Amino acid sequence: MSARVLDGNVVANQIREEIRPRVEAYRARHGRPPGLGIVLVGDDPASHVYVRNKVKSGMDVGFAVDLHQMPASSSLDEVLAVVDRLNRSETHDGILVQSPLPPALGDEAERVVFDAIDPAKDVDGFSPVNVGRLVQKRAVLMACTPAGIVELLDRSGIAIAGQRAVIIGRSDIVGKPMAMMLLHRDATVTLCHSKTRDLAGVAASADILVAAIGRAGFVTTDFVKPGATVVDVGMNRVDDPAVAARLFSPGSAKLEQFARKGSVLVGDVHPSVAEVAGALTPVPGGVGPLTIALLMKNTLRAAEARAGRP
Ligand code: NAP
């Protein structure tokens with residue numbers, strides 16, 4: 001048996017198509033499109049790729065996207081000054097500061113900068129106000145990756161209520177908000193981490209297993225109940241031939257890709273899980289496109305909510 005593939009690109013396209021007419025309606029009503037301000041500090045190549053995709057996606061749905069690129073030598077005060085300007089701007093409905101910030105800004109920089117973003121414009125859903133609202137089940141702006149996963153499950157006809165959900169990884173941006181969102185949808189949720197005992201045994205009790213760890217191919221078949229839905233959040237670049245050989249069978253397309261390019265992008269779930277799971281998200285093309293689609297949805301929501309504000 002091979003698992004049903006849960007195609008994130010298809011669902012992300014559906015979401016974008018639903019956003020477009022609402023953007024048009026917003027523009028007709030307010031005389032301007034929803035505005036998204038993106039702040040990119042430094043030269044991290046992956047961040048530049050992510051930001052390019054976000055700018056492209058935003059423009060594609062009709063937003064006014066405003067990219068503030070700042071050198072790695074920028075001070076924390078300079079970054080905060082840009083955030084402050086965007087907070088005060090009438091035409092910026094969403095603000096996104098790309099993570100990670102350069103290490104030279106200090107360990108606390110991200111927290112300080114994210115805390116400075118007006119919660120009404122916090123389209124990443126990272127601010128303590130929006131996290132608190134999520135816990136109280138009254139969030140408007142929620143973390144994009146887990147919100148995208150809920151959309152994917154819903155639109156793929158996978159029931160959540162009453163199901164046993166296990167999440168591996170307890171980060172603020174994926175694991176914790178994922179737990180809260182699945183709990184609010186009446187799943188019975190277990191949140192696992194590096195100190196969890198009998199991790200494979202706990203994972204194998206799941207009807208829905210979410211892997212957000214950051215370790216290539218970590219979730220093997222013994223973690224998966226036959227027929228379970230497995231959501232692979234991990235995005236890991238593998239450039240070690242020994243690791244690639246452990247993950248992919250000889251002659252497989254991925255191994256050929258590795259031989260051609262010298263690296264390959266893999267999730268946290270081992271490819272052999274496809275033989276056990278009932279449904280599985282691919283990497284790439286699973287959770288990644290949904291994260292960006294939900295960022296667009298959050299920006300529209302932020303614009304609509306701000307417009308409705310007294
Ligand atoms: P993170 O902040 O590094 O958190 C990783 C989590 O995994 C931690 O809670 C950690 O446990 C847990 N973990 C690490 N080793 C483990 C082990 N051996 N057994 C059990 N748990 C273990 O990571 P993140 O930001 O959530 O990201 C996770 C992955 O998702 C990364 O590959 C990232 O690139 C990817 N990601 C993808 C998207 C997307 O749009 N597709 C979005 C966000 C993240 P402790 O808390 O105990 O240390």
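These figures come from a predicted structure and were not determined experimentally. We're numbering straight along the sequence, starting at 1. Counting starts at 1 for both ligands and their atoms, following the listed order.
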Any donor-acceptor N or O pair under 3.5 Å, side chains Asp77, Ser75:
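No, Ser75 and Asp77 have no side-chain donor paired with an acceptor closer than 3.5 Å.
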With a 4.0 Å heavy-atom cut-off, what residues sit around ligand 1?
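Shell around ligand 1 (4.0 Å, heavy atoms): Thr145, Ile168, Gly169, Arg170, Ser171, Ile173, Val174, His193, Ser194, Leu199, Ala212, Ile213, Gly214, Arg215, Phe218, Val233, Gly234, Met235, Asn236, Val287, Gly288, Thr291.
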Hey, what do you get for [atom1] ([X]) to [atom2] ([Y]), rounding to the nearest 0.5 Å?
X: Leu153; Y: Gln163; atom1: CG; atom2: CD; answer: 10.0 Å
X: Lys254; Y: Leu265; atom1: NZ; atom2: CG; answer: 6.5 Å
X: Glu110; Y: Asp107; atom1: CD; atom2: CG; answer: 10.5 Å

More than 12 heavy atoms of other groups within 6.0 Å of Arg215 CZ:
no
Taking only residues two or more places apart in sequence, or in another chain, which ones meet Asn87 in a side-chain hydrogen bond (donor to acceptor under 3.5 Å, both in side chains)?
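For Asn87, no residue satisfies side-chain hydrogen bond (donor to acceptor under 3.5 Å, both in side chains) once neighbours in sequence are set aside.
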